[in-house]
Amino acid sequence: MVVWLPGNPQTSHCSLPLPYPTNYKTSSTRPEQRERKREKMGETVGNRISVSEEIINRAASQAMRAHNSGGRPFILDKPRGLSVAIFAFAGSWLPDDWFTHPPFGETTMDTSTFPSLRSVGNDEVAVVNASFLRRFKAIIDQLSLEKEVQKVVVDKKQVLFTGHSWGAAMAILATLYFLEKGGPNQNPPRCITFGSPLVGDRIFGHAVRREKWSDRFIHFVMRFDIIPRIMLCPASIEHQQILNHFNPRSEFYGKPIDPHLAFYLKVMGSASSVATHDACNLMGCTNPLLENLRNFVELSPYRPFGTFIFCTGNGKLVVVKNPNAVLQMLFYTAQLTQEEAAEIAQRSLYEHLVYDNEVQESLGTQNVVYLDSLEELPLTSDSGPAIVNAALNDLGLSTEARLCLRAAGGLENRRLRNQAKIDDNQQKMKEELSKLRGYQEKGETLGLGYYDAFKSQEEKADFDANVSRLVLAGIWDEIIEMLRRSELPDEFENREELIELGTLYRRLVEPLDIANYYRNLKNEDTGTYMTRGRPKRYRYAQRWLEHAEKKPSGWRSESCFWAEVEELCSIKTGSNNGPLQDTKKQKIQQLQKRLIEWIHDGCLGKDVVLEGSTFVKWWKTLPSEYRSEPESSMIANLIHG
Amino acid sequence: MSQAPLFSSAGELANLVVTSNLIDVAWANIPEIQRGQAAFPCSVQPMVYRPTPNRTILVFASSPNCTQYPLPEGGDLVQSSLFQFLCPKECPSVSINRASLDLFISLQSQLPGLKTELSEWEGQLIITGYSLGGSVAALFTFYLLDSMDKKSKCRPICITFGSPLIGDFGLQHSQWNSFFLHVVSNKDPVPGLFLPSGRSPPTSSHSQTSVYKPFGTYLLCSEHGCACFDDPDLILKFLTVASSEVAEGLQLVVDYGEILRNLKYRAICKGAQLASERFAYPFSDGIVMELKTIGIDPAEQKIDTKRMEAEARTLAKETKASEAKKLNDRKKAMAQLEWYKKKAEYEKKGYYDCFRNEENSRQRNVKLFMEELTAYWEEMVAEAERKPQKERTSFRTGWLFAGTTYRRMVEPLDIAEFYKDKDSGRDYINNKRSQHYKLLEQWYEEAAKPRTREDLDSKKKKVSVLLTEDSCFWAHVEEAILSCESLRNANSTTPEQRESSWNNLVRFGEYVMKQIDNCAVSPDIFWSGSSFMTWWGEYEAYIDNFRNFYSSRLVEYMKGGGYKQYG
């Protein structure tokens, strides 16, 4: 169901009377001051995030309207004169739409609809709020969204998803849905949210950044708004109270929450746990107690991602991209002062409903601060650039908070340094690889494949190859360990250069690891190479390639060819036709098929089919029922020529 | 490259502890129980609660008398055999506060049952207590941890409130620091009670009290906030200040419930926005800020933030990522040893005997690799031992297998060196064997799966490339050779010695045969000139001459030439 609504940016966000005092607005900037400031600041927000202020304003008013549009899942707005189509999602205050189950209502991401939302090497699936996902899929199932988006794409207009509050969560999932589906020549959709709750976990954000989609998401957050923090807190009575307060159908609608401070303390207490826990990690806390605490403390999995724009409440905007810094700010900017506790608690509700006016006003003054170099952030309220400091003071960031932001910046810089260190190592890696390439080629000319030569370890060259193998293993294991500990930039696994080098390395060197494994009979006490022995460095490299090529898991297993051969060799070829024999038969036929493909693709070397290789010797002993045509004669051809 | 910036996370960790509800849960039942206890005599009672299906709380409730007058005469430290297991390498003994120990011992009839029950518990276990109750809780936690193995699914934490220090230097070095959290208010004189400069009551042996040391992590609280520290010197200073500043008057009871409520509120209140103060060093200036929050003046108390920063920096450097690289570097040394073995085999010399008999540059090179490897693995094993919480449970399979290969490769060389030196004496296994080999072997045995018949069949085919499984095999051979010598030199040995030598040889024969049955020895032991064959020559000569009727499976196997088909 799509509704055309004439745009009216003056529409009020809230037509029902709410018991808020009207003097919260403290914007004191006069028009002439605005002009002066715009000059001083240079870059406008619109330029920085490449969406015009006009469109942002439009999105804000549409988002607020859609929230109350009741019944329709979204409204579509194609403002005249702008090359954009704004899809604004409706909201919901029903508890079931926020939390399916306590404490945090999360579920693993549906990877068939959102295949990218996982970590590639570590292979962990992102976590998302189950209610949000369920409701979003219901919207998709109605098909109208997809049809309308298609039309807009045909019109060559920019697709912009937006939403306020619960609707923002829908907008985020919609954006991801179309980013996943997007073709290479398509202008990817954008997303602007207002007062959005947190939607996904750490891996969710990591995946978005890895895919370089992070810049597509802009989140506006009012300094005290409770909703962007609500997901940090486990489901509780207080949650219910907050939702009821906003829900026009509830008897508690618009009424003060009783006791007036408890709900705020509850949410902020949980936010504090999450923020301080992450801060301990950012700051490199070495106290062993921290490790043990994790067994006892249940923390919300949700984390922010994308570009956050904090509205100070007095017309200033603070733009932050670092997700760890955003989390810290979600907590620290909303801290209480003892004198104003009651007022702040009330403000945390009120501010959730004033985005359209606040954003419009702030965009007008363009009093913007970009927190980019977090490591240089001033720690005291009167040091560093005055304009930055003024904004930090307006957000109420204490020295403690600023230390956390610095630590967040420090982690990002450390990740970049780690990446640079790996880049420095590339030359060394290439050298070792070329030595091994020479070893492989020499084997081919001598008629003994490097797999078999390495397995027998007769010559000095085999020993040297082993040393090269170990040098490379050291470098790659270090990379993998860094990935496991999130010590590399999020985009790291999406770098073409790395995927290429990893593939080269895997195809050339993994056979040596397999040879080494079976040479030392590790299959005897440990298990097969594939199940127990395969080093992570190869698993990771394979997943990088499969992810880049959008292929299913296991598609690029050519470097494990020898392990399959070794395992098939060790199963006895008996005469009985038991189920074991049937599986074996299938496996052998499958292997023959893939061998031909791999050799044709050039991802498996010709040394495999040299006359004396383990494979050829074994293949020749296969009874005829294990072979099938035409593969069999093709392999015979490969062997002989 | 400039040094990475460092931060003090003492305040963050403290706020995490405070806002996470964990200590509220620990404290929840204490006030009520406290009221229920009879005032006299001074006693402590364990009580178990199970508020949720996966959480058990064990409270050691102390009687009010005990809480307010914590046994003034019990302030001295005594050694206790009960806690001897806590002794670290660095320290020969552990001493425990007499008052706490007496209370602990008074519960001897109940504790073993409690321990058995709780070590089988799968879930969270919070052990807690107030004042001396907390001291007993800590002692019980040690007692429980000692009996838990790594497979245990019980996850304990000990949280004490206002408890006096319970032991000396020995406790501080315990490997279980991560399990202890001590909550202490700067208004509470009790934790610093036994410190010399504190409000210490007269004790029987005052001089001893100066060696009390804190262990674990302290949550230090003031009315302005809190911070978590595990630096012993800093904690001692805090305790000293607290106990000397609190006015005389033993009636004082500190309400930790109220303190926690205040701290929780503080945690979400805006902290200070420092102005016009120099704040150039995130770490040291951060610590100064944290110390001021908990009411300590770092200058007055001479807190050495520079030392703390240096220590934090050392800890931060030890990252996991480089550990993976280190392991691979050691594999390079292993490849060198393997190559040495290979070359020895070309010359038809066994690896062991080649090393034992050679004296040249090649052998000296091998020694360098050996040293490198040994240094590395000794450290790894020691590390794994020290941190039961993290490492030992996850001493990863990969490492364990690398460690096993190392042990099988390098220990024979250690044995060769030992027996080559005629002054070493005898019995490598009991006199010289390094602890890290023993542990590596023990962990491997624990992790290895039992073998099946089929495994053995396929192993038989490939035995030629295997390393001898028992890394002490050659030590047994050397001992057997010495036993043969003692039999042969009948003049210089007593009949009892000869009898025992003979018994040794019989046992050795059974041992070797078992190894052969299991394909657990490398075929190179049968090469001519090997120590094993030397032994066989002497042994065969001896039985031919003196024990003509003796036979065993090994003797038949060797005489029948069965070994020629081995491998």
Can you name the nearest heavy-atom pair linking Gln457(A) to Trp339(B), along with the distance?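 Heavy atoms of Gln457(A) and Trp339(B) come nearest at O-CZ3, 4.4 Å.
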For the residue pair Tyr265(B) and Ala341(A), what are the closest heavy atoms and their distance? OH-CB, 3.6 Å
Applying side chain to side chain contact (heavy atoms under 4.5 Å, CB included), run through Leu13(B) and His277(A) and close with a yes or a no. CA-CA 7 Å; Leu13(B) 186 59; His277(A) 172 266; over 6 Å; no
Can you tell me which portion of [X] sits under 4.5 Å from chain B's heavy atoms? Options are side chain, backbone, both or neither.
X         : result
Arg469(A) : neither
Leu483(A) : neither
Val274(A) : neither
Asn393(A) : both
Gln338(A) : both

Options [options], ranked by heavy-atom pairs under 4.5 Å with chain B, top entry:
options                                    : value
Pro378(A), Ala401(A), Gly269(A)            : Gly269(A)
Ile480(A), Leu299(A), Leu293(A), Val467(A) : Leu293(A)
Asn466(A), Thr337(A), Ile475(A), Leu265(A) : Leu265(A)
Ala407(A), Ala334(A), Cys285(A)            : Ala407(A)
Val297(A), Leu379(A), Leu290(A)            : Leu379(A)
Cys404(A), Pro535(A), Gly533(A), Ala473(A) : Ala473(A)

Using side-chain heavy atoms (C-beta onward) and a distance below 4.5 Å, is Ile268(B) in contact with Phe331(A)? yes
Quick one: are Asp230(B) and Pro288(A) in side-chain contact, heavy atoms under 4.5 Å?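 They are in side-chain contact.
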Whether the Asn287(A) and Thr217(B) side chains hold a donor-acceptor pair (N or O, under 3.5 Å, no angle test) is what I'd like checked. yes
Does a side chain donor of either Ser273(A) or Thr19(B) reach within less than 3.5 Å of an acceptor in the other side chain? yes
Other residues, nucleotides, ligands: >12 heavy atoms within 6.0 Å of Glu298(A) CD: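 Not more than 12 within 6.0 Å, no.
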For atom CD of Glu459(A), is the number of surrounding heavy atoms from other residues, nucleotides or ligands below 6.0 Å larger than 12?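 Not buried by this count: 12 neighbours or fewer within 6.0 Å.
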Non-hydrogen atoms of chain A under 4.5 Å away: do they reach the side chain of [X], the backbone, both or neither?
X         : answer
Lys331(B) : both
Tyr346(B) : side chain
Leu125(B) : backbone
Thr405(B) : neither

Supply the atom-to-atom distance Lys342(B) NZ to Ser456(A) OG, rounded to the nearest 0.5 angstrom.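 Nearest 0.5 Å value for the NZ-OG distance: 7.0 Å.
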Could you give the distance from CG (Leu470(A)) to CD (Gln336(B)), rounded to the nearest 0.5 Å? 10.0 Å
Quick check for you: among [options], which has the greatest number of heavy-atom pairs under 4.5 Å with chain A?
options                                    : value
Met289(B), Lys264(B), Arg55(B)             : Met289(B)
Gly216(B), Cys269(B), Pro282(B), Ala335(B) : Cys269(B)
Val18(B), Asn15(B), Ile157(B), Asn54(B)    : Ile157(B)
Val25(B), Ile126(B), Leu22(B)              : Leu22(B)

Hey, is the main chain of Cys280(A) close enough, under 3.5 Å, to the side chain of Glu12(B) for a donor-acceptor pair?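 No.
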Has the side chain of Gln124(B) got a donor or acceptor atom that lies under 3.5 Å from a matching backbone atom of Asn295(A)? yes
Which is it for Lys332(B) and Val471(A) under the side chain to side chain contact (heavy atoms under 4.5 Å, CB included) test, yes or no, and what are the steps along the way? CA-CA 8 Å; Lys332(B) 274 180 251 172; Val471(A) 170; 3.9 Å; yes
Side chain to side chain contact (heavy atoms under 4.5 Å, CB included) between Phe7(B) and Arg406(A), intermediate numbers included: CA-CA 9 Å; Phe7(B) 299 90; Arg406(A) 272 208 185 186; 3.9 Å; yes
Cationic N near anionic O, under 4.0 Å, Arg519(A) to Glu338(B):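 Salt bridge: yes.
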Chi angles and distances behind the side chain to side chain contact (heavy atoms under 4.5 Å, CB included) call for Leu289(A), Leu181(B): CA-CA 8 Å; Leu289(A) 178 72; Leu181(B) 175 66; 3.7 Å; yes
